[in-house]
Each structure stands twice: as C-alpha cells, then as structure tokens.
There are 2 protein chains.
Amino acid sequence: MAQYRIGEFSKITGLTVKTLRFYDEQGVLKPSCVDPENGYRYYDAELLTRARAITLLRSLEFSLTEITDLLNRSDEESFDVLDILRNQQDAIRLQIARYQRIDAKLCQLFEEEQETRQMAKHETFAVEEKTVESQLVAGIRMKGRYSDCGEPFARIGKSLGRYINGKPLLLHYDMEYREDDADFEACMPVSKSIEVEGIDIRELPAGRCVSLLHRGPYEELRTSYAKAFDYVQQKGFEIQIPSREVFLKGPGMIFRGNPKKYLTEIQLFIVE
Amino acid sequence: MAQYRIGEFSKITGLTVKTLRFYDEQGVLKPSCVDPENGYRYYDAELLTRARAITLLRSLEFSLTEITDLLNRSDEESFDVLDILRNQQDAIRLQIARYQRIDAKLCQLFEEEQETRQMAKHETFAVEEKTVESQLVAGIRMKGRYSDCGEPFARIGKSLGRYINGKPLLLHYDMEYREDDADFEACMPVSKSIEVEGIDIRELPAGRCVSLLHRGPYEELRTSYAKAFDYVQQKGFEIQIPSREVFLKGPGMIFRGNPKKYLTEIQLFIVE
DNA sequence: CATACGGCCTCCAGTAACGGGAGAGTCAAC
DNA sequence: GTTGACTCTCCCGTTACTGGAGGCCGTATG
C-alpha cells in the first residue's frame, strides 16, 4: 500500500500542507497513520478519494463540520444525497438572491446619482415656476435649530428605511427664514404607509410653486431664499406655509461630499 | 446639542451597543466625546448621519476599512461616488456569478444522481447486448491490485477535474478476472484533450458489447462476471480486450455510500 | 565529518465583524 | 441603603485557513 508523506499528498490533492494539517486537527481528513517517533503524517491512496470528496464539497460551499458529518453518515440507510444537494442549493440560492438585492440597490443609487448630476450641470440657477406632484411622506415635526434635523431624519430612516423612495425634505412652518427656534418638519418620501410612534405619515399635497436650485453649503441658503422671495414679491404671489426645501445632494445622502457641491431646491408654494 | 448615551444611540441607529463599541475601536464611528472619568461614550445628532451612511454601506457589503476610507475621503476633490459604486457592483456581480456556478454544479450533480437512481430501480439485472458510443477519456494504466485504483483516479481528477463529464471506468487488459497483479487502466471521460504528464488522453472506440449491471460491493463482482461470460460462451461470441467496468455509483463519486447499493456496469466487447 | 538544505513537526498569532459573558463601576429611583 | 438598569474593559469564540518562529530528521555536499 502506497503511503504518501504530507508533501506528496499535498501535491496530488492540491490541498496545501497547512490545510492538510488543519483538516487532521479538525477530524475531517485524518492521515492513515502517524509515526509516533517524529509525528510525521502518512496518507494512503484510499484517502485520496476522501480528499477529492472534501475538495468537491468545499467548492459547493459546505462547511467543514457539514462535510465531516456527511462523510461519516454517508453509509447510513437514511442518508439521502438528493436531500442534501437540495438543501445546499436552497442555501446557495438565498445567497444569490441576497447579492442580487445588493446589486439592484447599487443600480438604484447609481441612477439617482446620475440624475442629480444632470440637474447640477448648470453654472447658475434661475428662479422658475413649476408644478409638484403629491407624494406620500413620513415626517417628524420639531422646533429648534436646523442643524438638529439629523436626528429626526435618522429616526425616520431607521423605522422606514426600507420604504424610502426619494430625496429628504424639510418643511418650514415659519413665514421667514429663521436660524434658531425654527418650526420645521423633517420628511422622507416613502412608498408605504406604516404606523410608527412619533412619525406622521401623510400625503403631501400637489401644487404650484416657485422653485430655485441652490448649490453650496447650507449657510449660504439665505441668499437663495432672498432671490426666491424677491421673485415672489415681484410677481405679487401669496405664499403658503409650509415651504419646502429638498436636499437633492447633501451630507445626509451617503457621503459628506464637498459642501460646495451640495444641491438644495427651495420650493415656495403659491396660493391660487 | 443633544448628546446620546450609547444605549439610546443604539436604539436610534439600530446598531447594537457591541457594534458601536467595536466601531469606536476601529475608528469607523467615534463618539463625539468620552467622559474621561468613567469612560462613557456620548454621541451627538451629527453622528446619526454618519451611522446611517455606515449602515447603508455595510448593507452594500463594503468592508469597515473601505467605509472608513470612503467617509474620510468623501470631501476630496477627486472623490467620485459613481466610480466607487461601479467597483462595488463589479465585486458583487463576481459573487453572484460564483454562486451561480455553484448552483449549476449542484443542479448537475442532482440530475446525475437521479439518472443513476432510475437505472438502479430494477431488482435484478439481466445480461443484455448494447451499442456504446465512442468517448474521449483520460487514462492511467498500471499493474497491481484493483484496490489501488484510487490514486490514478485522483491524479486524473486533480489535473482534469474541470473537464470530467461522465462516470469513471476501469479498462481490464487481462482476459480473465484477476485479483492481484492485474493489468488495468483507470479512465475518466473528459470534454477536452489536455496534455498532462503521465496521463493518456484518447478516444475510446464505439462498439457492441455484452452488458450487465451489478449491484453491491466490488467483492461480489466475480459472480456477475461469471454470468456475463456464461452468456458470451452460450452465444459463441469472441471477446475483445480491454473489457470495461463503469462505476455508475460507488465510493469514488462523492460519498462512500452504502456498498450494497453500489452500481457497476460490466461491458464485454464483441469482436464483429 | 560538519554543515546546509529541504521537509516535517508544534505552537502561536492574525484574519472580518462582530456576539457572549465576566467582573466591576455608575446612575437614578425607591 | 439598595435595587436594577446601564456602562465600562477585557477576553474568548466564530470560519477556514495563512504565515511565521523555533526545532527535529534525513540526506547530499564540501
């Protein structure tokens, strides 16, 4: 009977010496005998089959414990290969589905990013009038400083993250732009209405508005607001509260990004 | 500025306390301040955004080191989200492809197993005559005992495992059934001819043969051989060497299985 | 004969992203 | 004063290995 030393056995099976020692320790593939003098491992030809089976099963993503178990039970009466293959296939397909969901998510993010880039192409932005569709949003209203809006956004994201399908927005319930003690509502467009404590889910009405894109950090928003309000006054429009501020691109998205590139849309709704 | 303790922050973000401490240690998400007296971590609302981003990126299978790096570089000029998303998508699609290959392999094994089961359905087997197609095989010829055939099979499997597309077979170059010092060749059907040292790849000719299925351990093969030779003599056929032995189901496949269920086909080729 | 080299051994550490648990300090309420 | 909830640090375990240190064994070469 041919006896191989670990190095030769490694070359034949394609398993590294380290791996073979590890398999020995784990009981998956024990050498046929071990020299008690120097501890050398010796493998015989019979073990090649087992090694092949292990390699195959590993390539099918079975764990070592599963493999050990399967190989030990494989001569039992109740042992059914088809069952095992089916189970493993189920597990593998779950993985495929998981990765496909990730892929879809990446696609979506990719498209969104491209869209906002398209919008941000212009050098400067002009005030314009436009009509906005109604949309379902989840909102948390609060008083305080705008910089505190991170928390309500995070709360919404936590509870309804799965259903968010648009850019975050802020509703301003004050007539003018205020720094401290403002009355505002952090909103996220959602696809589904789910009751959550402390979050108000409702349909935001459609309407006609004066819109202005603003590029740059939020500290400079005031100048854009001034431009928008100028336009409103010039046209003699009457403005409705709340006004909206849509964060097309900002720190709340994925990356902090460059504040000079932040993109925000101011929407002042017209009473008709 | 609202300061959250780790427990509250955990509830808001959905990250466990353990995870938050781990993120702190890894530098992915450091608390805004740490009480030097008691070591308590305090998180402020600003970090909620970062936590959200981390959760999102984790769900897209970015590693923590990647995330740290991305979040740190995200305000640089050269930072391009689209690039990053594309790269990650490539990585994810590799995973999908990998799992799909595994899935296909499982399907294949599944079908093969079902086929042999179909063949093994009968209680007893009768000698029959049939025509066998030609097939490309990789073989290693040797002299010795049949029980030593594990090694050549393993060697073929190691070099050509990717191209194996059928059941292993043994060619017998002796005129009668021998135990020791037999002259035989271990063969594997392969889909591609690749030159490998010590392995002979060639087309096995088609031909008409006397075939008999044998169920049970190899030690009992002799009785089946006797039956087949009886038939040959009765018909007055002349037999060609080598004869073939196809292992439809045996220990060399995946699992050792139950020797009582081993299935072997004896093929004695007729000189026409 | 000494030594260098390759092969083998054991033991330890590290990987990724946490989870579990021990043992101890902290804080507010009752 | 005490209870219970919360927090801290430190260490171990997970999976399937890989890498390295330090040392034994057998053979080939100077």
Side-chain angles (χ1 to χ4, degrees), chain A residues 3-44 50-51 53-71 88 91-92 95 98-99 102, chain B residues 3-44 50-51 53-71 88 91-92 95 98-99 102:
Chain A
Q3 293 274 98
Y4 305 104
R5 292 205 306 189
I6 200 166
E8 311 166 62
F9 196 73
S10 156
K11 270 175 202 141
I12 301 174
T13 57
L15 297 162
T16 69
V17 172
K18 282 277 187 189
T19 304
L20 286 171
R21 282 201 269 260
F22 179 65
Y23 282 178
D24 178 13
E25 187 196 323
Q26 297 293 307
V28 192
L29 182 64
K30 288 193 164 297
S32 46
C33 79
V34 178
D35 190 327
E37 299 265 308
N38 54 20
Y40 276 32
R41 293 171 177 83
Y42 291 94
Y43 296 83
D44 63 19
R50 192 178 172 96
I54 293 170
T55 312
L56 174 64
L57 292 170
R58 282 294 303 139
S59 80
L60 297 172
E61 295 270 293
F62 284 90
S63 73
L64 287 187
T65 21
E66 284 170 323
I67 293 174
T68 316
D69 185 52
L70 291 179
L71 291 177
Q88 189 64 5
I92 294 295
Q95 290 299 311
R98 202 170 70 84
Y99 279 112
I102 295 175
Chain B
Q3 293 274 97
Y4 305 104
R5 291 204 308 190
I6 200 167
E8 311 165 64
F9 197 72
S10 157
K11 270 176 204 143
I12 300 174
T13 58
L15 297 162
T16 68
V17 172
K18 281 279 187 187
T19 303
L20 286 171
R21 283 202 268 258
F22 179 66
Y23 284 179
D24 177 13
E25 188 196 323
Q26 297 293 308
V28 192
L29 183 64
K30 288 194 165 299
S32 47
C33 79
V34 178
D35 189 328
E37 298 264 308
N38 53 23
Y40 276 31
R41 295 171 177 83
Y42 291 95
Y43 296 84
D44 64 21
R50 193 176 172 96
I54 293 170
T55 312
L56 175 64
L57 292 171
R58 283 294 301 140
S59 79
L60 298 173
E61 296 267 295
F62 284 90
S63 73
L64 287 186
T65 20
E66 285 171 322
I67 293 174
T68 315
D69 184 53
L70 291 178
L71 291 177
Q88 188 66 3
I92 293 295
Q95 291 299 311
R98 202 170 70 83
Y99 279 112
I102 295 175

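These numbers come from the heavy atoms of this one structure, side chains and all, not from hydrogens, waters or symmetry mates. Below, chains carry the letters A, B, ... as their sequence lines are ordered, and counting in each starts from 1. Fair warning: this is a prediction, and the values are worked out from it, not measured in the lab.
When distances are taken from the side chain of B:Y40 to each of C:dC18, D:dC17, D:dC6, the shortest belongs to D:dC6.
Within the 4.0 Å cut-off from OP1 or OP2 of C:dA16, not a single side-chain nitrogen or oxygen of B:T65 is found. Checking the phosphate oxygens (OP1, OP2) of C:dC18, a side-chain nitrogen or oxygen of B:Y23 falls inside 4.0 Å. Of the side-chain N and O atoms in B:R5, none sit less than 4.0 angstrom from OP1 or OP2 of D:dC6. Taking side-chain N and O atoms only, B:R41 has no distance below 4.0 Å to OP1 or OP2 of D:dT7. OP1 or OP2 of C:dC9 lies within a sub-4.0 Å distance of a side-chain N or O belonging to A:R21. Taking side-chain N and O atoms only, B:T19 has a distance below 4.0 Å to OP1 or OP2 of C:dG19. Within the 4.0 Å cut-off from OP1 or OP2 of C:dT10, not a single side-chain nitrogen or oxygen of A:N38 is found.
A:Y42 is not listed as a side-chain neighbour of A:P31, based on a closest heavy-atom distance of 4.5 Å or more. Between A:L20 and A:Y43, the closest side-chain pair of non-hydrogen atoms falls below 4.5 Å. The side-chain heavy atoms of B:F9 and B:I6, taken from C-beta on, include no pair separated by under 4.5 Å.
Across the interface with DNA chain D, nearest-nucleotide mapping of A:E37 and A:F62 shows A:F62 to be the residue nearer the 5′ end.
Distance, B:K11 NZ to D:dT7 C1': 13 Å, rounded to whole Å. A:L64 places its CG atom 13 Å from the C1' atom of D:dT14, with the value rounded to the nearest Å. Note: CD (A:E25) to C1' (C:dA13) measures 14 Å, nearest angstrom. Residue B:I6 contributes atom CD1, which lies 14 Å from atom P of C:dC18 at whole-angstrom precision. Following rounding to the nearest Å, B:F22 (CZ) and D:dT9 (C1') show an atom-to-atom distance of 16 Å. As rounded to whole Å, 14 Å separates atom P of C:dC18 from atom CG of B:D24. The distance from atom NZ of A:K18 to atom P of D:dA21 is 11 Å, rounded to the nearest whole Å. For the pair A:D35 CG and D:dC24 P, the computed distance is 16 Å after rounding to whole Å.
Formation of a donor-acceptor pair under 3.5 Å by the B:T13 side chain with backbone atoms of B:A51 is not found in this model.
A salt bridge does not link A:R58 to A:E66: none of the charged nitrogens lies less than 4.0 Å from a carboxylate oxygen.
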